[in-house]
Protein chains: 2
Amino acid sequence: MIRAVLLDLVGVVYDGDTPIAGAVTAVERLRKAGLPLRFVSNTTRSPRSKIVAQLAAMGIEVADEELLTPARAAIEWLRRHGREPHLLVHPDLEAEFSGLEGGSGKAVVVGDAGEAFGYASLNRAFRVLSAGADFVALATNRIFKDADGQLSLDAGAFVAALEFASGRSPVVLGKPSADFFHSALADLNCPAADAVMVGDDAESDVAGALRAGLGAALLVRTGKYRPNDETQYDPAPTAVVDDLAAATDWILNRAEA
Amino acid sequence: MIRAVLLDLVGVVYDGDTPIAGAVTAVERLRKAGLPLRFVSNTTRSPRSKIVAQLAAMGIEVADEELLTPARAAIEWLRRHGREPHLLVHPDLEAEFSGLEGGSGKAVVVGDAGEAFGYASLNRAFRVLSAGADFVALATNRIFKDADGQLSLDAGAFVAALEFASGRSPVVLGKPSADFFHSALADLNCPAADAVMVGDDAESDVAGALRAGLGAALLVRTGKYRPNDETQYDPAPTAVVDDLAAATDWILNRAEA
């Protein structure tokens, strides 16, 4: 029986500023069925306030505890370890990390910096890593569906660059980290085996959720999905469905009445 | 018995525009001993003409066939395979690739583009790769010793980024490719086992040469060398010596009279 639902945002609920067809109604149906929802996004180009505003503009009201982002997980990590961040993130995300100065050491924090990724910024991060800073990756996604509809480089490529040059492995805080999935379920009192994840990324969303012990993970054919994605990563999706509307049918058929 | 000598340039013969102490005399001694020399550089920021001029300014005359660069190997590769290059290289290197337009397909060619590495240029290269182009890396070095004396990101980090995002592996044309070492020896009629390599990179220069079958490879403690580099890669150097002058002593003790 399914007792909680984790939803990816970009490529599942919306693309750019447009909701995906049927997605808003699907979220309403899940709420009406009494299923607790958590929105687990790996987007690291937008601050939380912008994501909440985007969802509200589409008619989806989201409470603060319902939205999990890698930046939120990173801020908790930095506080817990007493580290001051050296940020290699999107300029829009920098303000979220204010107030963390003066730790007992540094941590290089890498998100999808977009146009802020350049030789100089990457080399500065490499030198801070080489001097002994911790290494935190907000996400390791390979690609995302860009505004022009084509696939573009996501944060994972740049994390891989720093990993190769420094010989160091990052702590990964977003999906597919099992901790990230578990923290999304933490205040729901719901065992992972009773939760389902819905995403368009066969690797980070789907294989990640199943490896974290979730009972099911559905791959949608929207967003960055490309034919045969479901055969590329292990474990394979529990099911592949057209979109969030179809995923909702699948879930409601298996949810507690 | 040693019958041929391959020398790395940056960090062994010179740093920036300055010869390393004793290096010019060492090259003279090797020449006087009648040992054929090949300069095998992974530098992909400078065109051949600039490297030849730099060496001449230091008093080292180099014939065209004595200087091997990854760009030269790449141009041969592109001609042989009939590929038009999509260049992600240093602007100073672009002119060397002229006249290769109109192949039967494309190949993304990645060198140390320096400041020309940015989100936009990397994403363009990623998209060309995703559309089916071949993938050619001029070098995969992790780091180099920069003008300020500190270590900086080399081409390998950016090759790793594209490799991670595309799921594709490059053809590597510079060191540590065995083909590159073999092509340096091709016109010398000298078996690899009778040749020695001298370099400051324990991975690309030293382990690469030994894997390519060279009889010996010496690691110098100049350039990007850092203590314990000799223990990081397999195979380990035949010997670790202070600099090219000491390497020359080592070589002349083992060369044909």
Side-chain angles (χ1 to χ4, degrees), chain A residues 45 88-91 110-131 137 139-170 201-203 224 226 228-229 231-233, chain B residues 45 88-91 110-131 137 139-170 201-203 224 226 228-229 231-233:
Chain A
R45 282 194 180 188
L88 182 54
V89 301
H90 196 281
V110 186
D112 178 11
E115 297 291 335
F117 280 128
Y119 185 81
S121 63
L122 282 160
N123 201 44
R124 273 194 301 275
F126 164 71
R127 288 181 170 191
V128 175
L129 277 179
S130 297
T140 54
N141 295 67
R142 295 166 198 272
I143 47 168
F144 71 101
K145 190 179 163 191
D146 212 334
D148 64 359
Q150 290 192 63
L151 300 179
S152 283
L153 293 175
D154 209 330
F158 301 91
V159 172
L162 291 171
E163 207 170 340
F164 179 85
S166 69
R168 308 263 306 277
S169 293
D201 188 316
E203 185 178 20
K224 76 178 107 175
R226 294 291 181 270
N228 299 316
D229 276 359
T231 65
Q232 304 298 308
Y233 303 101
Chain B
R45 283 194 179 188
L88 182 55
V89 301
H90 197 280
V110 186
D112 178 12
E115 296 291 336
F117 280 126
Y119 185 81
S121 64
L122 282 159
N123 201 42
R124 273 195 300 277
F126 164 71
R127 288 182 169 190
V128 174
L129 276 180
S130 297
T140 55
N141 296 66
R142 294 166 200 272
I143 45 167
F144 70 100
K145 190 179 162 192
D146 212 334
D148 63 1
Q150 290 194 62
L151 300 179
S152 283
L153 293 175
D154 208 330
F158 301 91
V159 172
L162 291 171
E163 208 170 340
F164 178 84
S166 69
R168 308 263 308 276
S169 292
D201 187 317
E203 185 178 22
K224 75 178 106 176
R226 293 290 180 272
N228 298 316
D229 277 359
T231 65
Q232 304 297 309
Y233 304 100

Run the side-chain donor-acceptor check on residues 153-167 of chain B: report pairs under 3.5 Å with partners two or more places apart or on a different chain.
| from | atom 1 | to | atom 2 | distance (Å) |
| --- | --- | --- | --- | --- |
| B:Ser166 | OG | B:Leu162 | O | 2.7 |
| B:Ser166 | OG | B:Arg168 | N | 3.1 |

Quiz item: Do the side chains of A:Phe117 and B:Leu122 get nearer than 4.5 Å, heavy atoms only?
Solution: no
Practice problem: For A:Ser121, check side-chain contact (heavy atoms from CB on, under 4.5 Å) against everything at least two apart and list the hits. | Solution: A:Leu88, A:Arg124
Exercise. Hey, could you give me the CD/OG distance between B:Gln150 and A:Ser130, rounded to the nearest 0.5 Å?
Key: 9.0 Å
Quiz prompt | Which atom of A:Arg127 lies closest to which atom of B:Leu151, heavy atoms considered | solution = NE-O, 3.1 Å
Self-check item: Closest contact, heavy atoms only, A:Tyr119 versus B:Ser152
Solution: OH-CB, 3.5 Å
Quiz item: Looking at B:Gly114, B:Ala120, B:Gly118, which has the largest count of heavy-atom pairs under 4.5 Å with chain A?
Solution: B:Gly114
